[in-house]
Amino acid sequence: MSKKRAGKRGLTSRGEDFSAWYNEVVQQAELADYSPVRGSMVIRPWGYGIWENMQRALDDMFKASGHQNAYFPLLIPMSFIEREKEHIEGFKPELAVVTHAGGKDLEEPYVVRPTSETIIYSMYAKWVQSYRDLPLLLNQWANVMRWELRTRLFLRTAEFLWQEGHTAHATEAEAEEEARLILGIYRRFMEDWMAMPPLTGLKSPSETFAGADRSYACEALMQDGKALQAGTSHMLGQNFSRQFGLTFQSEEGREEYAWNTSWGVSTRLVGGLVMTHGDDVGVVVPPKLAPTQVIVVPIARTDEQAAAVMQKADAIVERLRDGGVRAAADGRRHLSPGAKFFEWERKGVPLRVEIGPRDVERGQVVLVRRVAPEGEKRKEFLAEDRALKEVPARLKALQAQLLDAARDRRENMTHRGEVSSIDELGEILDAGAGFVYSGWSGDAAVEDRVKEATKATIRVIPGEEFRSDAAPSRCAGGGRAAMEAVWARAY
RNA sequence: CGGGGCGUGGCGCAGCUCGGUAGCGCGCCUGCUUUGGGAGCAGGAGGUCGCCGGUUCGAAUCCGGCCGCCCCGACCA
């Protein structure tokens, strides 16, 4: 058996069954595991470490743009959720409700938050009196629960971790600017940190967040050609303000409803990372997010050699750490070097340093990249000093290499140009396209027909920087195009 | 929620057709030898066969019910 070997050594290849590959790689790289709770996963240290690095980067960006963190309750009174009509319509099917506590039925049930707009804006209503209290720019890191029918590790779980930002502004223009600012932050984060370049733009009305006026989204293209909604930023208008009495007195002395935005990214990003960079060996973690960037593997025959080599390995780790590199030595004696190589490659550690007795003698190390650019060897024998000095540059180069590869793939899997029928759209998708640009009349019936016929949906009405040079004139569903849309089959 | 599949040591599976009290690989433990791409040998631990009931002298195996998980379809960060 070449593909599915005995035991848990081999991975199903991506080409054979992408979905099986994903499930296996997430577990075998020890990112996450299934839990005893239906639809809920355990995020293991390696996966959580990646999430922590994501959190840190995003949190810094939020803070740098004037946001502060706060924390609101997990349980939300049922009546709050029900207040905004569209909102409750959207979330009702996936609510988990607490009806019983302290041995008694509750007078009013609580829902386990699926998102926190209602409870947050109810509090904002209390805190905001004057235009001087605005803008109010808060974020919370939290868990939420949505009772999904079909779950997948990281991509769709009943409980997931995320951040949700909630802001209140005095004017529509300011709220709109905030929603777009965050969209830009998400995009920058995905490109600079995840090396996962998304398309950004507006959601069609049918895909707009329940309770929002407009939703903006980052859509990333996975290796199998399916799109992943990786982050959303919503312009909520005054919908929640009106329901929760979030008013303020304007400069002119009038009482006005505040304008809100909300925005979030979740642990789904970890799944996106896996499906963007992973290969048939395992996960590939971009250096900037890797919990361990360099793994040092000592190689020794005898106990004396082991002691000497381990000492050298520890010294290398220390030097790398002094240089700001996240490095660790794998000193386990019961595993062969080869076993360790496979394990760390499966987990996606960007760089490996091998150090054996011969290397110690010669003052050299073996530097190995998780993935090398086309035509370059992964393994290099370098003088120790040179190798260690080289590490930061190698990490940086790998980060850039991953982004380039992901962007090239996205472009190669993107189809542009006029699409004059739904059948044609389906053919383009079936021929291997991921994102398909077309004109769109703006008619929701076209979306329905396309979905029925091709399973694709409008992922985004592209923002300016993602539009085609020549605007399409025809709608894929017939008639004239009012705008350009990007279609894809999605997760 | 509809269709399909699967529940047997930690993991992956065989055994079920044709009932007779459980086996293989990996992993784990101990010892020795090993270690430059998934080490070898020897010894060892570990299983109410998803749950409940029925048939039978006897059930992993046959029958009924239930539960759970995975995959495919309708909704979603």
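Just so we're on the same page: letters track the sequence lines, and every chain starts at 1. Every heavy atom of this structure was used, including side-chain atoms; hydrogens, water molecules and symmetry mates were not.
Within the 4.0 angstrom heavy-atom criterion, base atoms lie near Thr157(A). Using a 4.0 Å heavy-atom distance criterion, Val144(A) is classed as making no nucleic acid contact. Counting non-hydrogen atoms under 4.0 angstrom, Asn23(A) reaches the backbone sugars and phosphates but no base. Residue contacts shown for Tyr34(A) are limited to sugar-phosphate atoms, with no base heavy atom under 4.0 Å away. Within the 4.0 angstrom heavy-atom criterion, base atoms lie near Glu345(A). At the heavy-atom level, Gly264(A) lies nowhere under 4.0 Å from the strands shown. Residue Arg332(A) is classed as having no contact, given no heavy-atom separation below 4.0 Å to the nucleic acid.
Pairing partner, U35(B): none, since no Watson-Crick or wobble contact has both distances short of 3.5 Å. Pair assignment for G68(B): C6(B), on the basis of Watson-Crick or G-U wobble contacts that are both within less than 3.5 Å. Pairing of U30(B), defined by two Watson-Crick or G-U wobble distances under 3.5 Å, is identified with A42(B). Pair assignment for G73(B): C1(B), on the basis of Watson-Crick or G-U wobble contacts that are both within less than 3.5 Å. Look at G20(B): its Watson-Crick or wobble partner, with both distances under 3.5 angstrom, is C57(B).
For the P atom pair drawn from G9(B) and G15(B), the interatomic distance equals 16 Å after rounding to whole Å. For G50(B) and G40(B), the C1' atoms lie 38 Å apart once the distance is rounded to whole Å. For the P atoms, the distance from C75(B) to G54(B) is 45 Å, rounded to whole Å. Taking atom C1' in both C49(B) and A14(B), the straight-line distance is 13 Å, to the nearest Å. Using atom P as the reference point in both A45(B) and C6(B), the two lie 34 Å apart (nearest Å). A22(B) and G5(B) have their C1' atoms separated by 24 Å, given to the nearest Å. Across the P atoms, C57(B) and C69(B) are found 38 Å apart, a figure rounded to whole Å. With P as the reference atom, G10(B) and C28(B) are 15 Å apart, rounded to whole Å.
Look at CD on Glu30(A): it is 13 Å from C1' on G10(B), rounded to the nearest Å. The nearest whole Å value for the distance from the CG atom in Asp33(A) to the C1' atom in G12(B) is 15 Å. We find that CD of Glu94(A) is positioned 15 Å from C1' of C1(B), with the value rounded to whole Å. When the C1' atom of G73(B) is taken as reference, atom CD of Glu452(A) falls 12 Å away, rounded to whole Å. The nearest whole Å value for the distance from the CD1 atom in Ile88(A) to the P atom in C76(B) is 14 Å. Rounded to a whole Å, the OH atom of Tyr491(A) is 18 Å from the P atom of C75(B). The NZ-C1' distance, from Lys312(A) to G36(B), rounds to 18 Å in whole Å. Put simply, CG on Leu155(A) is 12 Å from C1' on C76(B), counting in whole angstrom units.
Counting distance only, with no hydrogens placed and no angle test, the side-chain atoms of Ser336(A) and the base atoms of A39(B) include no donor-acceptor pair under 3.5 Å. Lys379(A) contributes a side-chain N or O that forms a donor-acceptor pair with the base of G37(B) under 3.5 Å. At a cut-off of 3.5 angstrom, counting only N and O atoms as typed in the model, there is no donor on one side facing an acceptor on the other between the side-chain of Glu343(A) and the base of G38(B).
Stacking between Phe160(A) and A77(B) is present: the aromatic ring centre lies within less than 5.5 angstrom of the base six-membered ring centre, and the two planes differ by under 30 degrees. Stacking between Phe342(A) and G38(B) is present: the aromatic ring centre lies within less than 5.5 angstrom of the base six-membered ring centre, and the two planes differ by under 30 degrees.
The side-chain heavy atoms of Glu354(A) and Pro337(A), taken from C-beta on, include no pair separated by under 4.5 Å.
Taking every side-chain heavy atom of Arg352(A) into account, G37(B) is the closest of G37(B), G38(B), A77(B). In the set G73(B), C75(B), G36(B), the nucleotide with an atom closest to the side chain of Lys455(A) is G73(B). Closest to the side chain of Phe341(A), from the set G38(B), G37(B), G36(B), is G37(B). Side-chain atoms of Lys451(A) lie closest to C75(B) of the nucleotides U35(B), C76(B), C75(B). Checked against G37(B), A39(B), C75(B), the side chain of Val368(A) finds its nearest nucleotide in G37(B). Considering only side-chain atoms of Ser266(A), the nucleotide from A77(B), G38(B), G36(B) that sits closest is A77(B).
Contact between Ala329(A) and Asp314(A) at its shortest, heavy atoms only, is CB-OD1, 4.0 Å. Nearest heavy atom pair, residue Tyr491(A) against residue Lys226(A), reads CE1-CB, 3.5 Å. Contact record, Pro298(A) with Ala313(A): CB-CB, 4.4 Å, taken as the closest heavy-atom pair.
In this structure, Phe209(A) has its ring center no closer than 6.0 Å to that of Tyr216(A). Ring pair Trp263(A)/Phe62(A): centre-to-centre distance below 6.0 Å. Taking the six-membered ring for Trp, Tyr121(A) and Tyr124(A) have ring centres closer than 6.0 Å.
Not one side-chain nitrogen or oxygen of Lys92(A) sits closer than 4.0 Å to the OP1 or OP2 atom of C76(B).
Between Gly356(A) and Pro93(A), it is Gly356(A) whose nearest contact on RNA chain B lies nearer the 5' terminus.
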Leu199(A)/Thr414(A) under side-chain contact (heavy atoms from CB on, under 4.5 Å): CA gap, chis, key distance, verdict: CA-CA 11 Å; Leu199(A) 244 49; Thr414(A) 295; 6.0 Å; no
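Between Trp21(A) and Phe18(A), the ring planes are tilted. Angles from 30° to 60° get that label.
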